[in-house]
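Reviewing the structure listed below.
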Amino acid sequence: MDHWMISSITWTIGLLLHEIKLLLYYQQEEYDFIRFWKWFSPKIFTILPPSFFIISLLGILVLAIRDFFNFAQLFSVTIFIIMGGCFVVIFARELKEPTKKKISYTLRIKRMILVLLILNIIAFVYSPNKIGAFAPHNGVLFPYTMLIIWGLLFLVAPVLFLLASTLLYPFEVFIQKVYLLYAARKMKKIKPIVVGITGSYGKTSTKYILTHLLSGQKKVLATPKSYNTLMGISKAINTSLEKKHEIFIVEMGAYKIGEIKQICKLVQPQLATITAIGPQHLERFGSLDKIVEAKYEIISSLSPGGKAIFNADDPNTELYIKRTKNNKIILISSSNKSKADLCVDQMSGTSRGFVFEIIDNKTDRKYYCTTSLLGRHNVTNIMIALAIAIELKVDIAHAIEKIKSLKPIPHRLQLVKTSEGVNILDDAYNSNPLGAKNALDTLAFFEDGKKILVTPGLIELGQSEELENHRIGNYAAKICDLVLLVGEDETKRIKYIFQGLVDNGMDTDKIIIIPTINEAFTFLNECTSYGDTVLLLNDLPDTFSN
């Protein structure tokens with residue numbers, strides 16, 4: 001085998017391993033290359049590990065020594081093979097490093113990896129001959145030219161993503177159409193009662209709560225995890241929906257107007273709810289009015305006779321009611337609003353959960369409830385789920401009893417106690433202002449030990465990001481004994497929270513900026529003791545970790 005071919009293989013494998021790690025972030029951005037590039041471009045020289053640059057510089061140095069001693073060309077090839085082998089080891093280790101989200105090796109990702117492999121092979125195997133056309137193989141400049149061009153491939157690897165995506169686009173469109181067609185046929189065949197859930201936040205929690213309340217009385221399928229896009233929901237239908245399922249609970253997410261309408265066209269919900277509206281993903285939508293419009297698509301897609309469940313505590317509810325003319329409207333409230341069909345009275349919270357009374361204004365009956373779920377917003381989520389359960393003919397006494405056995409939802413104000421007796425309030429998936437305030441209120445319930453906040457701040461809030469992060473800092477200063485801000489000093493959201501903390505009187509020696517969440521955990525292991533409570537508020541998806 002040609003020696004340059006051997007070096008090409010090692011470099012090809014090394015680049016592919018680097019690309020697979022980057023594909024995690026590409027997948028998190030839903031294969032939107034423009035958004036992915038906006039994330040990647042500021043990190044173009046930092047995304048690669050320092051060892052990559054050290055080995056590259058050592059390679060250049062050794063090549064210079066080769067020229068000085070006039071070694072044979074085989075020496076240069078050997079250097080390239082060693083460097084490629086080192087890159088394979090480096091990027092294989094990087095790929096094994098823990099991340100908050102793991103890459104999902106879907107068929108689409110596998111197709112991307114295959115096309116990237118082919119592109120890598122073309123780039124590395126054929127480049128020596130092409131380079132040799134203007135820098136002869138036996139010349140002094142040839143290995144340096146090779147090293148620069150091959151190294152640049154690692155720096156601009158995402159450009160190959162764009163090329164691979166472009167090549168795969170016609171095939172992906174075809175596959176999506178087949179998936180949607182099959183899912184639509186399956187929905188028409190099984191005809192489950194569909195409950196649609198959307199909102200800026202509270203979607204996943206409400207879905208889990210409703211599934212629990214219905215269990216034991218109805219055969220239910222809920223979209224798994226955070227499968228809330230058109231293709232994710234199609235996959236859930238194609239792989240999991242069966243004839244036995246009476247009810248299909250569908251969580252619907254959106255980043256732009258029209259996406260929820262597409263989902264509703266597929267699943268055709270008979271009941272729908274908007275949990276709450278807020279500035280979550282404001283950066284993508286551009287304005288709060290567009291978020292309201294996008295979320296309302298779930299109601300406008302209801303057929304006449306469908307039922308709309310609204311949170312009366314949301315400031316947009318009156319607007320929704322005025323627009324909803326052909327559907328039955330059910331209102332819930334967690335603040336004892338008399339106009340609501342179901343409302344909460346006599347609510348009190350502790351570090352162990354909430355005790356409250358539910359008033360059914362239709363029947364004037366009252367129900368005593370307890371839940372171990374933390375956070376006032378979860379009481380609202382419970383009320384929405386209860387209203388839907390009642391509309392689905394579930395016995396209210398059964399549903400009330402099921403509320404008692406609700407388990408904490410992972411990473412959504414989930415309380416975990418360490419072996420050292422430290423309370424961890426895991427709210428890692430929360431990144432909205434209201435949820436952050438509720439999480440801090442929950443932290444305040446813990447009376448023993450220090451109260452510690454660990455957060456990198458709130459993201460995707462557009463123009464309100466400065467204001468909301470400043471507010472969170474201001475509010476946290478009243479509750480926390482210590483705040484760990486995760487990120488670099490120059491990160492804007494870190495500066496906003498820091499200023500909010502200081503403006504409300506927190507000493508700067510109680511505010512610690514730590515570059516990564518792993519370093520924050522190491523620090524916590526050293527500074528926490530029995531009875532302390534740590535709130536992990538939005539540890540961010542990996543795309544925002546730097």
Side-chain angles (χ1 to χ4, degrees), residues 201 349-354 373-378 408 411-418 420-459 461 464-489 491-540 544:
Y201 32 82
T350 69
S351 61
R352 295 182 298 278
F354 281 85
L373 297 187
L374 302 175
R376 184 187 175 95
H377 57 287
N378 270 323
H411 309 300
R412 290 172 170 86
L413 269 184
Q414 178 185 17
L415 179 61
V416 179
K417 206 173 190 72
T418 70
E420 289 79 23
V422 177
N423 302 306
I424 305 294
L425 273 174
D426 182 357
D427 208 25
Y429 284 176
N430 170 32
S431 59
N432 71 83
L434 178 61
K437 181 180 180 298
N438 287 332
L440 287 165
D441 286 338
T442 304
L443 179 63
F445 285 139
F446 291 80
E447 298 177 353
D448 299 330
K450 299 189 295 294
K451 299 178 185 66
I452 303 170
L453 170 64
V454 181
T455 184
L458 307 181
I459 60 169
L461 299 178
S464 65
E465 189 161 295
E466 177 178 357
L467 175 63
E468 296 297 349
N469 278 293
H470 185 275
R471 282 177 175 171
I472 289 302
N474 210 271
Y475 198 68
K478 298 187 293 185
I479 295 168
C480 303
D481 302 301
L482 179 66
V483 175
L484 273 61
L485 300 177
V486 182
E488 303 296 338
D489 290 347
T491 305
K492 288 183 178 179
R493 57 181 176 270
I494 296 294
K495 293 179 179 178
Y496 303 150
I497 296 179
F498 186 96
Q499 193 60 50
L501 290 164
V502 173
D503 287 349
N504 206 17
M506 177 168 271
D507 294 336
T508 55
D509 60 351
K510 299 295 184 183
I511 310 169
I512 299 172
I513 298 176
I514 294 184
T516 68
I517 191 68
N518 289 333
E519 290 175 88
F521 287 146
T522 301
F523 180 86
L524 288 171
N525 287 335
E526 298 172 355
C527 77
T528 53
S529 55
Y530 185 89
D532 291 347
T533 303
V534 178
L535 170 60
L536 304 177
L537 181 62
N538 186 26
D539 66 355
L540 297 185
F544 296 98

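Val502 places a side-chain heavy atom less than 4.5 Å from the side chain of Ile511. Leu440 places a side-chain heavy atom less than 4.5 Å from the side chain of Cys480. No side-chain heavy atom of Phe354 sits less than 4.5 Å from a side-chain heavy atom of Asn378. Arg376 places none of its side-chain heavy atoms less than 4.5 Å from the side chain of Asp441. Two residues are said to be in side-chain contact when any heavy atoms from C-beta on lie closer than 4.5 Å; Glu420 and Thr528 fail this criterion. Contact check for Leu415 versus Phe446: side-chain heavy atoms found under the 4.5 Å cut-off. Between Asn518 and Thr522, every side-chain heavy-atom pair lies at or beyond the 4.5 Å cut-off. You'll find the side chain of Leu482 reaches within 4.5 Å of the side chain of Cys527, heavy atoms only.
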key: Residues Val454, Ile517; criterion side chain to side chain contact (heavy atoms under 4.5 Å, CB included); working and verdict   = CA-CA 9 Å; Val454 181; Ile517 191 68; 4.0 Å; yes

key: Criterion side chain to side chain contact (heavy atoms under 4.5 Å, CB included) on Asn432 and Leu458, from CA distance to verdict   = CA-CA 7 Å; Asn432 71 83; Leu458 307 181; over 6 Å; no

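Separation of atoms CZ (Phe521) and CD1 (Ile424) is listed at 7.5 Å; rounding is to 0.5 Å. To the nearest 0.5 Å, atom CG of residue Leu535 and atom CG of residue Leu484 are 11.5 Å apart. Here the CZ atom belonging to Phe523 is positioned 11.0 Å from the CG atom belonging to Asn525, to the nearest 0.5 angstrom. Rounding to the nearest 0.5 angstrom, the gap separating the OH atom in Tyr530 from the OG1 atom in Thr418 is 10.0 Å. For the atom pair Ile472 CD1 and Leu537 CG, the distance stands at 6.5 Å (nearest 0.5 Å). In this structure, Lys451 NZ and Asn423 CG are separated by 11.0 Å, a value rounded to the nearest 0.5 Å.
Thr516 contributes a side-chain N or O that, together with a main-chain N or O of Glu519, makes up a donor-acceptor pair within less than 3.5 Å. A side-chain donor-acceptor contact under 3.5 Å links Asp426 to the backbone of Ala428.
With sequence neighbours excluded, the residues forming a side-chain hydrogen bond (donor to acceptor under 3.5 Å, both in side chains) with Asp503 are His470, Gln499, listed by chain and number.
Nearest heavy atoms, Leu453 versus Ala476: CD2-CB, 3.8 Å.
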